[in-house]
Amino acid sequence: WQIPVSLYVDGKKVETQVMQGETTTIKLDKIPKTVKLNVEQKGFYRARYSDEMLDRLEKAVRHGEYTHFDRWGLHNDVAALTLAGEIPLQRYLKFVRAYDGEKEYLVLMGIIDNMERLALISSNEQFAPQIERSNRKFYGKIMERVGWKQKKDEPEIFSRYFALDG
């Protein structure tokens, strides 16, 4: 199979390379601070990053340095690897905190979906209360920002989200 490997290097998109075998090498001019694979999630593969790179990517997410597709995909990669037992739960929960100020619907729904999945499959585990606390804290920040009532200048389309307000 030919796999298009696209990446950001220090926040800049690098020309896509095609991986035609089991491995490929992409030459860079310098050692980068950050590398984010699968630009705009156009490839069908997961990316696993070192702890050091994940720390740097976490900081980049916190500062909004990637598109919403890339923030969504980065979270999905980390969540999938956590569910597979490849990344520790504590590391995942730390990474999710980088999304505290997230406003994009796609990204938020991806995070909520994965956090709920983690809560469900670990409901009988001793660490389940920790996941619940993390989820509540994350959801609480969303509700503080969004609120329960439609704001004066919001488009009417948002009113469906406030149906519970009665």
Side-chain angles (χ1 to χ4, degrees), residues 1-14 16-17 19 22-24 26 32-147 158 160-161:
W1 286 357
Q2 294 183 351
I3 301 170
V5 179
S6 58
L7 61 148
Y8 288 110
V9 175
D10 293 333
K12 294 183 177 119
K13 187 177 175 185
V14 173
T16 299
Q17 307 280 325
M19 187 168 106
E22 289 185 29
T23 63
T24 192
I26 299 172
K33 292 179 183 173
T34 58
V35 174
K36 194 272 180 206
L37 292 165
N38 203 3
V39 172
E40 303 235 329
Q41 302 313 112
K42 292 181 180 176
F44 294 99
Y45 56 88
R46 294 276 180 218
R48 182 174 179 182
Y49 302 94
S50 68
D51 284 338
E52 297 82 20
M53 186 59 68
L54 205 51
D55 284 337
R56 293 182 195 137
L57 289 168
E58 184 179 318
K59 185 177 179 183
V61 165
R62 186 173 284 112
H63 292 105
E65 293 180 22
Y66 295 109
T67 69
H68 67 282
F69 285 122
D70 288 307
R71 293 191 310 275
W72 170 75
L74 188 54
H75 168 267
N76 275 338
D77 285 346
V78 174
L81 291 165
T82 300
L83 287 164
E86 298 290 322
I87 293 178
L89 176 64
Q90 296 299 328
R91 183 65 185 99
Y92 170 76
L93 295 175
K94 178 182 179 289
F95 185 75
V96 167
R97 288 194 297 267
Y99 291 85
D100 279 352
E102 184 61 58
K103 294 178 180 149
E104 290 290 336
Y105 180 79
L106 174 69
V107 181
L108 289 171
M109 291 312 297
I111 294 168
I112 290 168
D113 181 52
N114 283 305
M115 291 174 80
E116 287 300 313
R117 184 175 291 120
L118 275 171
L120 181 64
I121 65 173
S122 63
S123 62
N124 293 325
E125 302 292 337
Q126 64 183 6
F127 54 84
Q130 179 184 10
I131 293 173
E132 286 180 31
R133 281 191 304 275
S134 182
N135 288 3
R136 277 196 197 115
K137 189 174 182 181
F138 188 80
Y139 302 158
K141 289 181 181 186
I142 293 170
M143 291 312 298
E144 282 175 16
R145 194 171 57 250
V146 174
F158 292 132
R160 68 180 169 187
Y161 298 115

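For the numbers below, each heavy atom of this structure counts, side chains included, while hydrogens, waters and symmetry mates do not.
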Calculate, to the nearest 0.5 Å, the distance between atoms [atom1] and [atom2] belonging to [X] and [Y] respectively.
X	Y	atom1	atom2	result
E125	I131	CD	CD1	8.5 Å
Y99	I112	OH	CD1	13.5 Å
K137	L93	NZ	CG	11.0 Å
F95	D51	CZ	CG	12.0 Å
L7	I26	CG	CD1	5.0 Å

For a quick test of reading the model, state the closest non-hydrogen atom pair linking [X] to [Y] and the distance between them.
X	Y	answer
A47	D77	N-OD2, 3.3 Å
T16	P4	CG2-CB, 3.9 Å
V61	A98	CG1-O, 3.8 Å
G43	N38	N-OD1, 2.8 Å
P32	V9	CB-CG1, 3.5 Å
Y45	S6	OH-N, 3.6 Å

Inset, instruction - On the 0 to 90° scale, with breaks at 30° and 60°, tag the Y92-H75 ring pair as parallel, tilted or perpendicular. - result: tilted
Name every donor-acceptor pair, under 3.5 Å, that has one atom in a side chain of residues 67-74 and the other anywhere in the protein, sequence neighbours excluded.
unit_1, atom_1, unit_2, atom_2, d
T67, OG1, E40, OE2, 3.3
T67, OG1, F69, N, 3.4
T67, OG1, D70, N, 3.2
T67, OG1, D70, OD2, 2.9
D70, OD1, K36, NZ, 3.2
D70, OD1, E40, N, 2.6
D70, OD2, Y8, OH, 2.9
R71, NE, E102, OE1, 2.7
R71, NH1, Y66, O, 2.5
R71, NH2, E102, OE2, 2.9

Legend entry - Main-chain N/O of T34 paired with D10 side-chain donor or acceptor, under 3.5 Å: yes
Inset, instruction - Mark yes or no for whether D113, through its side chain, and M109, through its backbone, hold a donor-acceptor pair below 3.5 Å. - result: no
Inset, instruction - Would you sort out whether L108 and I142 count as a side-chain contact (heavy atoms from CB on, under 4.5 Å), showing the intermediate values? - result: CA-CA 9 Å; L108 289 171; I142 293 170; 3.8 Å; yes
Inset, instruction - Identify whether the distance between the nearest side-chain nitrogen and carboxylate oxygen of K141 and D100 falls below 4.0 Å. - result: yes
Legend entry - Ionic contact status for R56 with E52, cut-off 4.0 Å: no
Legend entry - Heavy atoms of other groups near K42 NZ, more than 12 under 6.0 Å: no
Can you give each donor-acceptor pair under 3.5 Å made by side-chain atoms of residues 82-91, sequence neighbours left out, with the distance rounded to 0.1 Å?
unit_1, atom_1, unit_2, atom_2, d
T82, OG1, V78, O, 2.8
E86, OE1, R48, NH1, 2.8
Q90, OE1, Q130, NE2, 2.8
Q90, NE2, Q130, OE1, 2.8
R91, NH1, E58, OE1, 2.9
R91, NH2, D55, OD1, 2.8
R91, NH2, E58, OE1, 3.4

Legend entry - E116 and L120: CA distance, side-chain angles, deciding distance, side-chain contact (heavy atoms from CB on, under 4.5 Å) verdict: CA-CA 6 Å; E116 287 300 313; L120 181 64; over 6 Å; no
